[in-house]
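Data first, discussion second: the structure below is written as structure tokens.
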Amino acid sequence: MTGKIVEVEAYRGSDDPASHAFRGRTPRNAPMFGEAGHAYIYFTYGNHYCLNVTTQESGIPGAVLIRAIEPLDGLSAMKRLRPNVPELTLTNGPGKLTKALAIDKTLNEIDLTKAGPLFITVADEEHFKIARSTRVGITAGTERLWRFYISGNRYVSRK
DNA sequence: TCGAAGATTCTA
DNA sequence: AGAATCTTCGAA
């Protein structure tokens, strides 16, 4: 299964009240304090996993939440993991895409820069316009424009 | 130990 | 608009 990342949000540490790392290190958010390029996966609302990529050097919390992807390959497998769902809504949300890609906590903290069960690579050069907005689903730090998505892409989670 | 909140999703 | 659902965290 393969997909193109089309929507992300940035989270930081003590200067970002919306971040899990705002109040310091805990067992859950420990990956955010690790080396950049690793997975930070958490479980929320009793049902959903969310996938982040750590961004800062070791010791400094930071992560990017993957909010939506555009399916490229393995569409049938994704549909099997999320039955009876229209194609456009298969992966257009942080909880949806982890379900469609069978991502759970067993992949927490793995290195996403190297080939493995889950990893990220740079695709062929492509030109698109990146739009930004406030982050979704948070109650603090709502003024920051730290949500980034590909303008006009049909798989972003919201208009 | 307990209670409240949550980087969501689905249904009515 | 509201429920579902359970883990995590911080306070007691």
A/Tyr45 side-chain proximity, nearest of B/dT9, B/dA7, B/dG6
B/dG6

Within this structure, what is the CG-to-C1' distance between A/Leu65 and B/dT9, rounded to whole angstrom?
15 Å

Below 4.0 angstrom from OP1 or OP2 of B/dG6, is there any side-chain N or O of A/Thr139?
yes

What's the CD1-C1' distance between A/Ile41 and B/dA7, to the nearest Å?
14 Å

From the candidates B/dA7, B/dT8, B/dC10, the one with an atom nearest any side-chain atom of A/Lys96 is B/dC10

Within less than 4.0 Å of OP1 or OP2 of B/dT9, is there a side-chain N or O belonging to A/His48?
no

A/Leu88 vs A/Tyr155 side-chain heavy atoms within contact, under 4.5 Å
yes

I'd like to check the side-chain contact (heavy atoms from CB on, under 4.5 Å) partners of A/His20; sequence neighbours left out, ordered by chain and number.
A/Arg28, A/Asn29, A/Met32, A/Tyr40, A/Tyr42

Take atom OH of A/Tyr42 and atom P of B/dT8, then tell me their distance rounded to the nearest Å.
6 Å

Return the residues of residues 83-94 of chain A meeting this criterion: a heavy atom under 4.0 Å from some atom of DNA chain B. Order them by number, or give none.
A/Gly93, A/Pro94

Pick one: which of A/Arg67, A/Arg135, A/Arg158 meets salt bridge (Lys or Arg N to Asp or Glu O under 4.0 Å) with A/Glu9?
A/Arg67

Taking CZ from A/Phe22 and P from B/dA7, how many angstroms apart are they, rounded to a whole number?
13 Å

So, do A/Thr98 and A/Asp104 sit near enough that their side-chain heavy atoms are less than 4.5 Å apart?
no

Does OP1 or OP2 of B/dT8 have a side-chain N or O of A/Arg67 closer than 4.0 Å?
yes

Could you give me the CA-CA distance, side-chain angles and deciding distance for A/Arg147 and A/Ser133, then say whether side chain to side chain contact (heavy atoms under 4.5 Å, CB included) is met?
CA-CA 5 Å; A/Arg147 170 173 176 255; A/Ser133 76; 2.9 Å; yes

Less than 4.0 angstrom from a charged side-chain N to a carboxylate O is my criterion; do A/Lys79 and A/Glu87 meet it?
yes

CG of A/Leu107 to CG of A/Leu101: how many Å apart, nearest 0.5 Å?
10.0 Å

Assess whether side chain to side chain contact (heavy atoms under 4.5 Å, CB included) is satisfied between A/Lys96 and A/Thr91, documenting all intermediate values.
CA-CA 5 Å; A/Lys96 298 179 190 176; A/Thr91 56; 5.7 Å; no

Using OP1 and OP2 only, check whether a side-chain N or O of A/Arg82 sits under 4.0 Å from B/dC10.
yes

Could you check which nucleotide pairs with C/dC6 in any of the strands shown, counting Watson-Crick or G-U wobble with both distances under 3.5 Å?
B/dG6

In B/S/- notation (B base, S sugar-phosphate only, - none; protein heavy atoms under 4.0 Å), nucleotides 7-12 of chain C written 5' to 3' is SSSS--

Pair A/Leu145-A/Thr134, side chain to side chain contact (heavy atoms under 4.5 Å, CB included): steps then yes or no:
CA-CA 4 Å; A/Leu145 300 177; A/Thr134 56; 3.8 Å; yes

Classify A/Ile138 by what it touches in the nucleic acid, base, sugar-phosphate, or nothing, heavy-atom distance under 4.0 Å.
sugar-phosphate

Rounded distance (Å) that lies between atom C1' of B/dT8 and atom CZ of A/Arg135:
16 Å

